[in-house]
Amino acid sequence: MTTAALIATLVKIAVFFGITISLAAVSTLFERKISAWIQQRYGPNRVGPWGVLQPLADGLKFIFKEEVAPAGANRLLFRLAPAMAAAPAFMTVAVVPFTFPLILDGTRIPMAIADIDIGVLFFMAMGSLAVYGIMLGGWASNNKYSLLGGLRSSAQMISYELAMMVSVITVLTLAGSMNLTRIFEAQIPLWNIAVFPVGTIAFGIFLIAAFAETNRHPFDLAECETELVGGFHTEYSSMKFALFFLGEYSAMVMMSGLITTFFLGGPSLFGLVNGIEDPWIKVLAGLGVFLAKVCFFLFLFIWVRWTIPRFRWDQLMHLGWKLLLPLSLANLLLAGTLVATGVL
Amino acid sequence: METKVIEIGTQGISPIHRRIQENREERERLSREFGHELHEDLLTLNMGPQHPSTHGVLRIVLTLDGEIIVDAEPVVGYLHRGKEKMAESLRYFQYIPHTDRLDYLAPQINNVAFCRAVEKACGLEIPPRAQAIRVIVMEMMRIMSHLIYIGTTALDIGAASIFFHSFREREDLYDLADIITGQRMNNAFIRIGGVGNDISTETLKRVREFAAAFPGKVDEYEKLLTGNRIWWERNRDIGIIEAEEAIKFSLTGPNLRGSGVEHDLRRVDPYCGYENYDFEVPVGSVGDCFDRYLVRIEEMRQSARIILQAVDKLPPGEIYAEDRRFVLPPKEKAFTSMEELIHQFEVVAEMKVPRGEVYAAVEAAKGELGFYLVADDGPRPHRLHIRSPSFINLQALPKLSRGRYISDMVAIIGSLDFVMGECDR
């Protein structure tokens, strides 16, 4: 690796990681603001103008809170679990292309931290790891409610990951690559969401599964504050809780980024951004479009949370195994047939 | 009588859990009942008294097989304040504010129930204007209580925003209650023989405005919940109790009507002139959580209807009964005339409620709220028993939740709609 490439990678890590973390922080503010608007309240408006410093205040509060570990907890796993819950979401940042590749003097710098050919596999692997943090956190807390939360979470992740992966395979079939940059580049003429019916169905399944995968309402059964008090994080306090929290919001940001990449053409916008001549403006405009799409999905995550009731866990299982999985398999079959016969 | 002690510590297990562990036959019997083999390891889970969805300080000792409830044992008494015993050392007028603290979500209905018991013992005739004002206030309270039900149940099932929407209307009602009674909560507005003060025309106009606009607000909640597939699935066929069984459990109120029994004291044993109002008694068909929800939704509309009628044909006249032995003099007279002041003292301190036993009940928001009063010619009750609907409705909880999931437990607790202040007294 040349020095230039190394510097480029370091810059990309700093920028993209920074974007993810700040988006996660901002979305905690917007979670509170949007929920307030839905509920005819004002929301946080005391810390800074319009409450913009609320995430900072929250973070500061977490730092100063006492760390409590319940008696009888498995101390090692209890401490490890929050990190394990947050890390996979941060790791996923590595493969997400935030914008168009930068072409400078004929060298192509892909705008993902690691533009690897098995990007999709990497994301799948990280997605599967995320459940361990929650499961172990629930188990190590020595609390029955946490245990139930952890168990629910593991069952839920397994049932939804399958449907999610199969719908991603549909995308792979359409794009013909596992590299995420290629996947969005293949969509520049037509976004996958518009490839009727296979792309649209895959999008629907992926979106529902994304809610389950990030443990968001209406699938927040692992947390489920009105049944399990706080589920897996009942016993967590201070920064350990904040890590779970950060992990959840980062996972939301990442999921939104992946939905955008898989189905909404990533940074492309009806060929407008693609046609820009200046490489830097193209990259920045692409980043803007990408983030706008991500923000839309973040809004969707929040909107749904504050609007509809929660599923019961067995209903969730039914939905996952009996509806989404068969549907996604049939959809994959259809997509395969269409691609093989050259229709798509 | 044998007292039952439920011991449960950090390592503790519920009695039924222990019984299943020690007794092979019990395990087989339950396995047959649930239609599947119980797992070797059961779990005793202590739900409450501090739990987000046990609505106050109810404690439930759950015995779980995975997520399935093998047994649920409600433990009540965490809010016991000895309200019945306190009545024996308080004068009748002094006890009225204490009834506010029973079902604190609908305090005026409790006031009326208690005052009706005393009035029955004294044989008082309440003037029609006071009756109508009581009806207006009681129906407002019923709506308030049902709004809490909608809000908290939706919150428990996960639709957090409904909670705030229902509190918006509840806030309007509190404002009205403030204007009418001078107090937002714990109003103590009803007096023996009448009501605390009259309602002015402007206030009536505001009440009318609210009642006319309210059904539209109910439509709003319905739009968010009734047609919602998830709400539907979380409530339908959950916690079914059939009519016959509901009667056996002495359920009353919306919980009974949800099972299809058309029993409403306002209809079958009218008081406060309810026979003069045109309203419907909604009933369910299946007796599940969804039916109980629908019944309460419809009851709110009917309450608004009653309020409109009561406001429109509010009769003129006195707001206090005639009988000077039991009825307080009007406040302005008590402030200006020495004789009236002495009279006021005499009524409060020396009221002689004739010896005898009476039972008077009203259709409270939660069900039949009855006061059984034993009077002994003195200014204090000899004995007062409160038939609190919350306590009796709560009995059905173990039956409703057996074999269901923990998540259903939350829906069932919400749909039974009890308030612990009234349950524990």
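In what follows, chains carry the letters A, B, and so on, assigned in the order in which the sequence lines appear, proteins first and then strands, with residues in each chain numbered from 1.
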Engineer: Against chain A, label L43(B) side chain, backbone, both or neither, depending on which of its atoms sit under 4.5 Å from a heavy atom there.
Structural biologist: side chain

Engineer: Run the side-chain contact (heavy atoms from CB on, under 4.5 Å) check on I238(B) and R312(A) step by step: do they pass?
Structural biologist: CA-CA 12 Å; I238(B) 309 291; R312(A) 199 172 66 204; 3.1 Å; yes

Engineer: Specify the closest pair of heavy atoms between N228(B) and P309(A), including all atoms of both residues, with the distance to one decimal.
Structural biologist: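 That closest heavy-atom pairing would be ND2-CD, 3.3 Å.
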
Engineer: Counting distance only, does the side-chain N/O of S161(B) pair as donor-acceptor with the main-chain N or O of T307(A) below 3.5 Å?
Structural biologist: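 Here the side-chain-to-backbone pair does not exist.
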
Engineer: Is it the case that atom CZ in R206(B) sees more than 12 heavy atoms from other parts of the structure closer than 6.0 Å?
Structural biologist: no

Engineer: Are F311(A) and R229(B) side-chain neighbours, meaning at least one heavy-atom pair lies under 4.5 Å?
Structural biologist: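 Contact flag for F311(A)/R229(B) side chains = no.
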
Engineer: So for D156(B), is it side chain, backbone, both, or neither that comes closer than 4.5 Å to the heavy atoms of chain A?
Structural biologist: both

Engineer: Please classify the contact of M47(B) with chain A as side chain, backbone, both or neither, using a heavy-atom distance under 4.5 Å.
Structural biologist: both

Engineer: Please flag which part of L64(B) lies under 4.5 Å from any non-hydrogen atom of chain A: side chain, backbone, both or neither.
Structural biologist: side chain

Engineer: So which residue, V410(B), I162(B), I157(B), ends up with the most heavy-atom pairs under 4.5 Å with chain A?
Structural biologist: I157(B)

Engineer: With side chains defined as the heavy atoms from C-beta onward, is the minimum distance between L45(B) and L148(A) less than 4.5 Å?
Structural biologist: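 Contact flag for L45(B)/L148(A) side chains = yes.
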
Engineer: Does R152(A) reach the side chain of I406(B), with side-chain heavy atoms less than 4.5 Å apart?
Structural biologist: yes

Engineer: Look at the rings of Y145(A) and H51(B) and say which category their plane angle falls in: under 30° parallel, 30 to 60° tilted, over 60° perpendicular.
Structural biologist: tilted

Engineer: Might you confirm whether atom CH2 of W37(A) has over 12 heavy atoms from other residues, nucleotides or ligands at distances under 6.0 Å?
Structural biologist: yes

Engineer: Using a heavy-atom cutoff of under 4.5 Å, enumerate the residues of residues 213-226 of chain B that contact chain A, numbered in order, or state 'none'.
Structural biologist: none

Engineer: Which heavy atom in Q39(A) sits nearest to a heavy atom in H165(B), and how many Å separate them?
Structural biologist: CA-NE2, 4.5 Å

Engineer: Should the heavy atoms of other residues, nucleotides or ligands under 6.0 Å from CZ of F297(A) be counted, would the total exceed 12?
Structural biologist: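 Check passes, neighbour count above 12.
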
Engineer: Could you give the distance from CG (N46(B)) to NZ (K144(A)), rounded to the nearest 0.5 Å?
Structural biologist: 8.0 Å

Engineer: By a 4.5 Å heavy-atom criterion (distance strictly below it), what part of A160(B) contacts chain A: side chain, backbone, both, or neither?
Structural biologist: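 The answer is both parts of A160(B).
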
Engineer: Please report the interatomic distance CZ(R41(A)) to CZ(F167(B)), rounded to the nearest 0.5 Å.
Structural biologist: 12.5 Å

Engineer: Does H318(A) reach the side chain of E233(B), with side-chain heavy atoms less than 4.5 Å apart?
Structural biologist: no

